[in-house]
Amino acid sequence: MKITTAIFDLDGTLLNTLGDLTDSVNAVLTRRGFAAATEEQTCERVGNGIRKLIERSLPEDKRTEALIDECLDDFRTAYEQRMMNRTHPYDGILPLLRELKKAGVSVGVLSNKYDLAAKSLIRHYFGDLVQLTCGEKPDVPRKPDPTSALTLLRALGGDPSTTLYIGDSATDMETARRAGLTAVGVAWGFRPAETLRQAGASAIVRQPAELLPLFARGLFSIDAICKAFTGHGFGFTYFADKEQALAYLLEACAGQVVTLGGSQTAKELGLYEALTAQDTEVHSHSVTPGDFKQDPDIYICSANGLSETGEVVNIDGSCNRVAGTLFGPKRCIFICGINKLCPDLQSAIERARSIAAPRNAQRLHRKTPCAVDGKCHDCRSPERICRALVVHMAPPSRMDKCEIVLIGEPLGF
């Protein structure tokens, strides 16, 4: 389902405001003879409004209501003077917002930063790329209370079923949950990915461009994808991150003879090094030229595309990579990042042809048209790597097990 509305958090999501926040806090603290805060300390203290930031920044034995009120007034003055000194959009945010505007997505910002500052920052850095901004106001409960999120959603004309709430904190994830919205955590902000995952994020993204596919097709259902693959006879396991997946693969391969098909995903996992470190016998044409074992206990490679309907798609040139997925090994494991997932078989084939193949041609320094412009030309170049298209519709009949390990992070091409 296409996403039509986005509600973004501000600090740590759209803008890196940490430098100006820290400078403004320190203007308040040092004026009163208190020790200055570091950016790391300020990062730990933000997220629940500026009053809480001031309270947490003051020495515990000095935290009276009167002093907090006094410091809060000083902070507002200091921040209004400094809030555009060191603040900047995170890399990739402006292109993301431009693409969302082009796609007709309604965009709002919800922040626990006081309303005047939130609106000033959004207007200055993003202009008309954001339609509505809602900051902290008197008599309106702060996040994670859902009141302001729901008010903003109504003003944007959005529907909860087609809205993403995007933020960098547990407070944001809780706000989304209470408002009945889909929570997406960003790992570039003030809180680590694991915190967001534990707080209920439905997805974690590590760069803004990873959000675009979510708007184009919505979030996927792991249960539905599992059912599609297992219904075709494949094994299927999902891991939220590559560390968990690597641990599973190491356990599966212990004491076995393993062949690795050429795979950028395996390289990014550090799979070869991890397997050899545990004394697993490993063969791979991508590690040692000419050393390629076609009948191992376990053959591991990636895929160029996975369909949510339960098919595995690969394109190959010399075809020794795909050969091991078809015949010879007792067990085959496809390891795939979430970026390989496509809604259906046709889009998985299109992904293999138009995304994976050109990027691999560039990586291998092939003299093909796609290596120049990143587009498939169905060329007749002698160096083309698109020589076989293999679609696994079910496990090969003479293989003991064929499984998909899907990882909730973008990996490989």
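FYI, side chains are in, hydrogens and waters are out, and symmetry mates aren't considered; it's all heavy atoms of this structure. Computed from a predicted structure; not experimentally measured.
Atoms OG1 and CE, on Thr325 and Met399 in that order, are 6.5 Å from each other to the nearest 0.5 Å. Atom-to-atom distance recorded for Leu21:CG and Tyr79:OH is 4.5 Å, nearest 0.5 angstrom. Rounded to the nearest 0.5 Å, atoms SG (Cys253) and CD1 (Ile298) are 4.0 Å apart. The line from SG of Cys379 to CZ of Arg366 is 11.0 Å long, rounded to the nearest 0.5 Å. Once rounded to the nearest 0.5 Å, the distance linking CD1 of Ile50 with CZ of Arg45 reads 15.5 Å. The distance from atom CG of Asp172 to atom OH of Tyr165, rounded to the nearest 0.5 Å, is 4.0 Å.
The shortest distance between side-chain heavy atoms of Tyr238 and Ile407 does not fall below 4.5 Å. Residues Phe334 and Asn314 are in side-chain contact: their nearest non-hydrogen atoms beyond the backbone lie under 4.5 Å apart. Residues Val391 and Val312 fail the side-chain proximity criterion, which asks for heavy atoms closer than 4.5 Å. A 4.5 Å side-chain heavy-atom check between Leu96 and Leu211 finds at least one atom pair inside the cut-off. Side-chain contact between Arg353 and Pro358: absent, with no pair of heavy atoms (C-beta onward) separated by less than 4.5 Å. Within the 4.5 Å cutoff, the side chain of Ile338 has heavy atoms near those of the Leu406 side chain. For the pair Cys301/Thr259, no side-chain contact is recorded, criterion being any heavy-atom separation below 4.5 Å from C-beta on. Residues Arg177 and Leu181 fail the side-chain proximity criterion, which asks for heavy atoms closer than 4.5 Å.
For the pair Gln244 (side chain) and Phe239 (backbone), a donor-acceptor distance under 3.5 Å is absent. In terms of modelled atom types and a separation under 3.5 Å, the side chain of Thr30 and the main chain of Gly33 share no donor-acceptor contact. Looking at Asn16, its side chain does come within 3.5 Å of a backbone N or O of Leu18 through a donor-acceptor pair. Checking side-chain atoms of Thr230 against main-chain N and O of Gly235 turns up no donor-acceptor pair under 3.5 Å. The backbone N or O of Leu10 sits nowhere less than 3.5 Å from a side-chain atom of Thr13 that would complete a donor-acceptor pair. The closest donor-acceptor contact from the side chain of Asp400 to the backbone of Arg331 lies at 3.5 Å or more, if one exists at all. Between the Thr276 side chain and the Glu273 main chain, a donor and an acceptor come within less than 3.5 Å of each other. Counting only distance, with no hydrogens or angles, the side chain of Arg351 and the backbone of Asn304 share a donor-acceptor pair below 3.5 Å. In terms of modelled atom types and a separation under 3.5 Å, the side chain of Asn26 and the main chain of Ala36 share no donor-acceptor contact. One N or O on the side chain of Lys340 and one on the backbone of Ala303 form a donor-acceptor pair closer than 3.5 Å.
Here the closest heavy-atom approach between residue Pro141 and residue Ser148 is recorded as O-OG, 4.3 Å. Nearest approach of Gly262 to Arg321, heavy atoms of both residues: O-CD, 3.0 Å. Residues Glu65 and Arg51 share a closest heavy-atom pair of OE1-NH2, 2.6 Å. Heavy-atom minimum distance, Ala6 versus Ile166: CB-CD1, 4.4 Å. Smallest separation of non-hydrogen atoms from Cys402 and Pro395: CB-CB, 3.6 Å. Residues Pro89 and Ile93 share a closest heavy-atom pair of CB-CB, 4.5 Å.
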One pair to check against side-chain contact (heavy atoms from CB on, under 4.5 Å): Lys102 and Arg98. What are the steps and the verdict? CA-CA 6 Å; Lys102 191 185 304 182; Arg98 292 188 187 111; over 6 Å; no
- Item | Verdict with reasoning, Asp378 to Arg384, per salt bridge (charged side-chain N to carboxylate O under 4.0 Å, His left out) | CA-CA 9 Å; Asp378 193 21; Arg384 70 177 285 173; 3.7 Å; yes
Verdict with supporting geometry, Lys267 and Leu271, side-chain contact (heavy atoms from CB on, under 4.5 Å): CA-CA 6 Å; Lys267 183 177 180 180; Leu271 183 56; over 6 Å; no
Q. Which is it for Ile3 and Thr163 under the side-chain contact (heavy atoms from CB on, under 4.5 Å) test, yes or no, and what are the steps along the way?
A. CA-CA 6 Å; Ile3 301 299; Thr163 299; 5.7 Å; no
* Glu409/Glu243 under side-chain contact (heavy atoms from CB on, under 4.5 Å): CA gap, chis, key distance, verdict -> CA-CA 10 Å; Glu409 299 184 23; Glu243 289 77 19; 4.1 Å; yes
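Side-chain contact of Gln278 with Thr280: a donor-acceptor pair under 3.5 Å is present, judged by distance alone. Judged by distance alone, the side chains of Thr42 and Thr22 do bring a donor and an acceptor atom under 3.5 Å apart. Checking Thr182 against Ser202 by side-chain atom types alone, no donor-acceptor pair falls below 3.5 Å. When only modelled atom types and interatomic distance are considered, Asn360 and Arg363 share a side-chain donor-acceptor pair under 3.5 Å. At a cut-off of 3.5 Å, with distance as the only test, no side-chain donor of Asp223 or Ser221 sits close to an acceptor on the other residue. Inspection of the Glu311 and Thr309 side chains reveals an N or O donor paired with an N or O acceptor under 3.5 Å. Remark: the Gln198 side chain and the Glu194 side chain contain an N/O donor-acceptor pair separated by less than 3.5 Å. Of the N and O atoms on the side chains of Thr162 and Lys2, not one donor lies less than 3.5 Å from an acceptor on the other residue.
Residues that satisfy the ring-ring contact (aromatic ring centres under 6.0 Å, His included) test with Tyr125, not counting sequence neighbours, are absent from this structure.
Salt bridge annotation for Glu44-Arg191: absent, with no cationic side-chain nitrogen under 4.0 angstrom from a carboxylate oxygen. Salt-bridge formation is detected for the pair Arg32/Glu70: a Lys NZ or Arg NE/NH1/NH2 atom is positioned less than 4.0 Å from an Asp or Glu carboxylate oxygen. Look at Arg387 and Asp316 and you find no salt bridge, because none of the NZ, NE, NH1 or NH2 atoms lies under 4.0 Å from a carboxylate O. Looking at Glu80 and Arg76, no side-chain N of the basic residue comes within less than 4.0 Å of a carboxylate O on the acidic one, giving no salt bridge. At a threshold of 4.0 Å, the pair Arg31-Asp74 counts as salt-bridged, since one of the basic side-chain nitrogens sits closer than that to a carboxylate oxygen.
Between Phe234 and Phe229, the ring planes lie perpendicular to each other; the angle is over 60°, past the 30° to 60° tilted range. Between Tyr90 and Trp188, the ring-plane angle classifies as tilted under the 30° and 60° cut-offs.
Annotation: salt bridge (Lys or Arg N to Asp or Glu O under 4.0 Å) contacts involving residues 124-139, sequence neighbours excluded, comprise Lys101-Asp128, Glu136-Arg142. Note on residues 11-25: pairs passing salt bridge (Lys or Arg N to Asp or Glu O under 4.0 Å), not counting sequence neighbours, are Asp11-Lys113, Asp23-Arg86.
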